[in-house]
Amino acid sequence: MVAERGVRRLLLLSRRGPAAEGVSELVAELAGLGADAEVVACDVGDRAALAKVLDGRVVSGVVHAAGVLDDGVLEGMTPQRLDGVLRPKADAAWYLHELVGDVDQFVVFSSVAGAFGAAGQANYAAANAFLDGLAVHRRALGWSGVSLAWGPWEQGAGMTEQLAAADVARMRRSGVLPLESAEGLALFDAATGPAMVPVKLDLTALRDSGEVPALLRGLVRTPARRGVARTGEADDLAHRLAGMTAEARIDLLLDLVRGRAATVLGHVHGSLVDPERSFQDLGLDSLTAVELRNGLSVATGLRLPATLVFDYPTSTTLAHYLLDELLGTADQTRIPAGALPSLSDDPVVIVGMACRYPGGVRSPEDLWQLVTEGIDAVGDFPDDRGWDLDALYHPDAAHTGTSYTRSGGFLHDALATDAQQRLLLETSWEALERSGIDPVSLRGSRTGVFAGVMYSDYSDLLNSPEFEGFRGNGSSASVASGRVAYSLGLEGPAVTVDTACSSSLVALHWAAQAVRSGDCDLALAGGATGTRFLRWCGVRR
């Protein structure tokens, strides 16, 4: 804009403004080219803040190049993850459109993800598709408007700095090559239409991939498949399997899975993929997992879930799953009849329940109502706990020590005692009452407590001297079951279980075993899971 088009006055907006890395060097470089650049900190996704910055200024052109990535599969999208990507790109572009009106030049940087679609980029694709539509809308109004749906640039340029070598390899396999900087600038200068797609394509790779996007089928001609559609190829695989021995079937599907996994991992041959190692250990992430799923869907004709490689985490288990889906031949585990207790004399009966969940759920009936009515249990930050809500929030997801969302699921607050222990005490008492048992009457009885507790990070908050005596038993997960047993005077086994997300289920299983084996006459079983909110703000994948 400065070197080639003679622009001499620039207003550069970003969230960090002058505090951003390299700003002083950029301003000096622009000054050397004869341009006066003013750098202002402004969240362009905040309409009021943007209006304040633009007030009194004459704007003749806009280039909106902001973008945030928060990639993940569609099932993993949340309102917060959508907002984090749409706000700086779509919201900001719309506010610029509204506030500057018709100008000499209005350019927005979109992405090829919005035009072609991109695995694991549902939020990013939607944001960019909006920009394409905005440029067309402006042209319909008789105003200037150009949306450039860029393909990737060479590594080290813009957002591609965040891409690993595996990401670049995946794009190359899909037929999309990175643009060199000189090529990108030339395409910028050549753009005239409202919605342009400046991208560098490898047509041979696109043809070989077998999955040519609909928009490109006029550019890439694939060989005619005489009488054999993609589903026919999958049927052929099933017929081949039907004529094989059980061992040969697994070998064939294992070779298929390992070969596809090798492709997405960038290996030259499937033999380099250990069939017993988990895909995650081998290096698959959520995006390469989707690519592997897509490749296997094409090869088998099956509609496979996006969580495929997490549900079946090794090549061997995945091959067995595919075999069962194709032929329905999964081995059914047979358990001798004598290994199971008699159902006619089963001593395990659930006689009472209690629970606490976000969204005002304080009973099993409340939980059922929440589920059946589809109530959203996520709410705003509580304003009655003395939190500095303004300091707690920061729109940049990469900013440490803050939250990039203003909402979440909240239960109790506690002081010296971990809120998980408090919840266990409350719900244990209530569960007994709801079963018709006076909790006091159980003192000295052979009643067991089995509690699933996953987190024990509450002690990190107990830094003040007044909490000195509570840092151990006030937050230790191992104390949780014993605290309930001690409070109620129960003399059966007291066990705290931590098996991550299955903790409560394992606690219930152990409680049932203890009742069956006679270790206790009655058991309290369940769990509590709660952690510091900021702990998860950096986990976005």
Side-chain angles (χ1 to χ4, degrees), residues 14-16 20-21 43-46 64-95 108-132 134 147 149-153 155 157-168 170-171 174 176 264 280 283-291 293-294 306-307 309-310 376 378 380-381 392-409 531-541:
S14 70
R15 283 194 295 258
R16 297 181 62 191
E21 183 179 353
D43 179 2
V44 184
D46 182 335
H64 175 51
V68 171
L69 290 174
D70 185 7
D71 293 348
V73 295
L74 183 61
E75 290 89 341
M77 288 294 109
T78 64
Q80 293 75 25
R81 295 184 70 179
L82 286 169
D83 182 67
V85 173
L86 266 67
R87 176 186 171 94
K89 186 170 279 286
D91 291 5
W94 181 256
Y95 297 150
V108 290
F109 280 18
S110 175
S111 168
V112 70
F116 296 167
Q121 290 192 317
N123 48 5
Y124 190 63
N128 287 292
F130 178 86
L131 295 191
D132 298 338
L134 176 59
S147 178
W150 291 106
W153 286 43
Q155 280 186 285
M159 298 177 75
T160 52
E161 283 185 298
Q162 305 174 30
L163 296 178
D167 298 317
V168 177
R170 181 172 62 250
M171 288 188 296
S174 67
V176 179
V264 302
Q280 189 170 11
L284 260 73
D285 57 20
S286 59
L287 296 183
T288 47
V290 171
E291 186 181 358
R293 185 280 306 265
N294 291 345
T307 56
V309 302
F310 302 103
D376 188 356
V378 174
D380 296 333
F381 285 167
L392 180 61
Y393 174 76
H394 194 284
D396 187 353
H399 192 273
T400 58
T402 56
S403 166
Y404 62 95
T405 178
R406 296 183 184 272
S407 56
T531 187
R532 295 162 57 193
F533 190 78
L534 293 182
R535 175 190 181 109
W536 288 100
C537 287
V539 182
R540 294 174 286 133
R541 190 170 61 179

**Report entry** Partner residues of Y393 under the side-chain contact (heavy atoms from CB on, under 4.5 Å) criterion, sequence neighbours left out
**Finding:** P395, R406
Query raised in the report: What residues, two or more places apart in sequence or in another chain, satisfy side-chain contact (heavy atoms from CB on, under 4.5 Å) together with A149?
Result: S110, D132, V197
Query - Donor-acceptor contact present, side-chain N123 to main-chain D70, <3.5 Å - result: yes
**Report entry** Closest approach of G151 to V112 (non-hydrogen atoms, all atoms of both residues)
**Finding:** CA-CG1, 3.9 Å
Requested in this report: Calculate, to the nearest 0.5 Å, the distance between atoms CG and OG1 belonging to N294 and T288 respectively.
Outcome: 11.5 Å
Report summary line: residues 69-89 vs ring pair (Phe, Tyr, Trp, His ring centres under 6.0 Å), sequence neighbours excluded, gives none
Requested in this report: Output, in order, the C-alpha distance, side-chain angles, deciding distance and verdict of side chain to side chain contact (heavy atoms under 4.5 Å, CB included) for L134 and W94.
Outcome: CA-CA 8 Å; L134 176 59; W94 181 256; 3.7 Å; yes
Query - Selection residues 67-88 - residue pairs positive for ring pair (Phe, Tyr, Trp, His ring centres under 6.0 Å), sequence neighbours left out - result: none
Requested in this report: List the atom of A113, the atom of Q121, and the distance in Å for their closest heavy-atom pair.
Outcome: CB-OE1, 3.6 Å
Report task. Of all the heavy-atom pairs spanning P88 and A66, show the shortest one and how long it is. Result -> O-CB, 3.5 Å
Query raised in the report: What residues form a side-chain contact (heavy atoms from CB on, under 4.5 Å) with D396, not counting sequence neighbours?
Result: R15, H394, A398, H399
Query raised in the report: Who are the side-chain hydrogen bond (donor to acceptor under 3.5 Å, both in side chains) partners of N128, not counting sequence neighbours?
Result: K89
**Report entry** Check against side chain to side chain contact (heavy atoms under 4.5 Å, CB included), F381 and L392
**Finding:** CA-CA 10 Å; F381 285 167; L392 180 61; 3.3 Å; yes
Query raised in the report: Could you give the distance from CG (L284) to CD (E291), rounded to the nearest 0.5 Å?
Result: 8.5 Å
Query raised in the report: Once you round to the nearest 0.5 Å, how far does OH of Y124 lie from CG of L69?
Result: 5.5 Å
Query raised in the report: Rounded to the nearest 0.5 Å, how far apart are CG of D83 and OH of Y404?
Result: 10.5 Å
Query raised in the report: Is the side chain of T307 donor-acceptor paired with the backbone N or O of F310 at a distance under 3.5 Å, no angle test?
Result: no
Requested in this report: Measure across A92 and G45 and return the closest heavy-atom pair with its distance rounded to 0.1 Å.
Outcome: CB-N, 4.0 Å
Query - For the student: nearest non-hydrogen atoms of F109 and A65, plus distance - result: CD2-CB, 3.6 Å
Query raised in the report: Can you list the residues that meet the salt bridge (Lys or Arg N to Asp or Glu O under 4.0 Å) rule with R87, with sequence neighbours excluded?
Result: D43
